There are 2 protein chains.
Amino acid sequence: MASIHDVARLAGVSISTVSYALSGKRSIGESTRIRVNDAVEKLGYRAHAGARMLAGERTHILALAAPLHSGTSEPAHMAFVMSVARAAREHDYDVLLLTQDEGADGLQRVALSRLVDGIIVLDVSDQDERVDLIRSLDVPAIFVGVPRDSAGLVCVDMDFEAAATMSVERLAAVGHRSIALLGQSPALYDRGSGFPRRFRDAFLAAAADRGMAAGFAMADRDPANVRQALDSLLGTDPGVTGLVLHTDEGVQTTALGILRERGVRMPHDLSVLSACSSFSTEHFEPPLDTIPLVPDDSCVPAVALAVQQVGAPIAPRVELIPPRYVGHGSVVPPAA
Amino acid sequence: MASIHDVARLAGVSISTVSYALSGKRSIGESTRIRVNDAVEKLGYRAHAGARMLAGERTHILALAAPLHSGTSEPAHMAFVMSVARAAREHDYDVLLLTQDEGADGLQRVALSRLVDGIIVLDVSDQDERVDLIRSLDVPAIFVGVPRDSAGLVCVDMDFEAAATMSVERLAAVGHRSIALLGQSPALYDRGSGFPRRFRDAFLAAAADRGMAAGFAMADRDPANVRQALDSLLGTDPGVTGLVLHTDEGVQTTALGILRERGVRMPHDLSVLSACSSFSTEHFEPPLDTIPLVPDDSCVPAVALAVQQVGAPIAPRVELIPPRYVGHGSVVPPAA
DNA sequence: CGGATCTGTCGAAACGCTTCGATTGATTGC
DNA sequence: GCAATCAATCGAAGCGTTTCGACAGATCCG
């Protein structure tokens, strides 16, 4: 395969000239640049990645620590992974995918071997073993999500508290006084994932602030459990007129199906709101108002920060993406 | 960060001795090996990935070409991606994730820059632009899936034809004479994804062979379309007693929900079989018999072949994974 | 008991790039 | 009109490995 020497020879210049012509780090004569580019084209030249890493002190690779825990919704996870990969390419970065099988060791491995310039950490839990490791590793790292102790870290995340508050506000605004939250899989809360807890706590707090009655139940994808959760939410307090779904797509579909089966008319009998969903709620029956969780919203800035941090250290921060509301008519004033 | 020089100094040997002690490519005195290992431990040494690539002609990275087309089910896709990543780690390989945004150019880029030793290609379509590129690139590559023209390629895939035949056989065996197939999203067939077509064709052929009546309809995840597909399948031919679902989890859930809504008792009125599903069908209502599509079944061999091919070229082949049947009681003889 | 063989180790040459400092003309400023 | 500046280019020194060939000393065998 063609090396920089071949390009230099064909263009009739030295290899350093080729390097500068391609990197643009020094000024180069117009005709020279053209000859170099022609030679590159003709030979199908691509700089050897290893050589570039060795000499350039930059790998142009980001590690993506994307464990897939049980309880995490695959489509959402996939969407975040793809979003990071796309965003990275925009910065001329590739993404090395790290699963959780090695635990935090994988991170250590790629950082210590200088395989990657930085790390994007997904699916952050409250007590995340990766936090301390990364603190000690001194590698540019961005957390998509916020661990309990975020001191010294750079984090980007949807503002789940604001989203929860917003969902309560919306229901309150049209007159609901008794509302309920169908939350994520219990496995997620158990694992200490931060966002379900933050959402739930903010939801209950916002409801309490407004003197509203508020219920909470969790459900994994098993329809029996969804049924049971809905029972506990709607059964015990027959006055519930507003339901917020903070779960994955499958559970939301199942829940809506169960409610329809039971003859609950939505939104007439029950206003429903899908919160922090990274999927479209338009094709639901009925289409649901939503506070969308758009992967790009957090992943694009996360990657940008990572790339920036590769160049020069940046100050620790927690960047929260404000929620926004998309109406589809599923939240209306309660009947009577 | 510690380099091999530091290790050599601390262990009191030359760098080549360190290299050989760590690689095991030449015999090393016992005491030397111990001192080297101690030094490595103490310094937290890890070979510089770039230097290793440059000198060693091996990157220990596989590219994973995992486009995410519309119509492809994210959970299934995710499962394959994760399976490849895990399998790769078993061979001491990392995985570089390539999305489809660059088209085939990304493959070319990483291959030409010798960033990766080989490529795993997912989500293969009949006329896949990546096929010709890879033929010309002369890079170890394994296709998970089979393109129309597989000459010269190494492919691994579930045997979808056998799976389709098996599902027909099972229904025939208990006495069904009129069956139907609910297929994937039309987008998938349009895109020329091989497996939905192969499954459908084999399904219809197997039914014809046995003199059975067989219907076919497609549906994406929109419940309205699922409803319509079921109408066309079950409505026009009221004698259908066996239904095969070859779709993603969401559609299967939706379909079962619709059938229940309509008062169809399963399996009494309708035997249902979930084919080539990469998710659990046990928690469905009712739990479905399935011919599971296990990502590891194809990804583990695919990675093994890729790694093998990095060492020495291997003969082109198409390796088809035989299907197996897992019963949950959803297929029974037709009523009356 | 002297050449052949083996074991354990070392030095040095790649590997292909980036980047620093030097060099050569041409241009500028005063 | 001469020093200072600038644009364009080159040579060479790394970057941190792997690996080849060499070599010293121990072991073997006839």
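Remember, predicted model here, so these are calculated numbers, not experimental data. Sequence lines set the chain letters: A, B, ... in the order given, protein chains first and strands last, and positions in each chain run from 1.
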Is any N or O donor-acceptor pair between the side chain of [X] and the base of [N] shorter than 3.5 Å?
{"X": "S14(A)", "N": "dG11(D)", "answer": "no"}
{"X": "S3(A)", "N": "dG16(C)", "answer": "no"}
{"X": "R35(B)", "N": "dG8(C)", "answer": "no"}
{"X": "R26(A)", "N": "dT9(D)", "answer": "yes"}
{"X": "Y20(B)", "N": "dC20(D)", "answer": "yes"}

(message) Could you tell me if R114(A) and H48(B) have a donor-acceptor pair between their side chains, going purely by distance under 3.5 Å?
(response) no
(message) Heavy atoms only, 4.0 Å cut-off, all strands: where does S27(B) land among base, sugar-phosphate and nothing?
(response) base
(message) Using a 4.0 Å heavy-atom cut-off, does S23(B) contact any base of the nucleic acid, only the sugar-phosphate backbone, or nothing at all?
(response) nothing
(message) In whole Å, I'd like the distance from the CZ atom of R114(A) to the C1' atom of dG16(D).
(response) 8 Å
Any non-hydrogen side-chain atom of [X] less than 4.5 Å from a side-chain atom of [Y]?
{"X": "I119(A)", "Y": "I142(A)", "result": "no"}
{"X": "V95(B)", "Y": "I61(B)", "result": "no"}
{"X": "L64(B)", "Y": "L98(B)", "result": "no"}

(message) Less than 4.0 angstrom between a side-chain N/O of R52(A) and OP1 or OP2 of dT18(C), yes or no?
(response) yes
(request) Please state whether the phosphate of dT19(D), meaning OP1 or OP2, lies under 4.0 angstrom from any side-chain nitrogen or oxygen of K25(B). (result) yes
(request) Would you mind telling me which residue lines up with the more 5' stretch of DNA chain D, I4(B) or E30(A), judged by nearest nucleotide? (result) E30(A)
(message) Counting only side-chain heavy atoms from C-beta out, which of dG16(D), dG16(C), dG11(D) sits nearest to S16(A)?
(response) dG11(D)
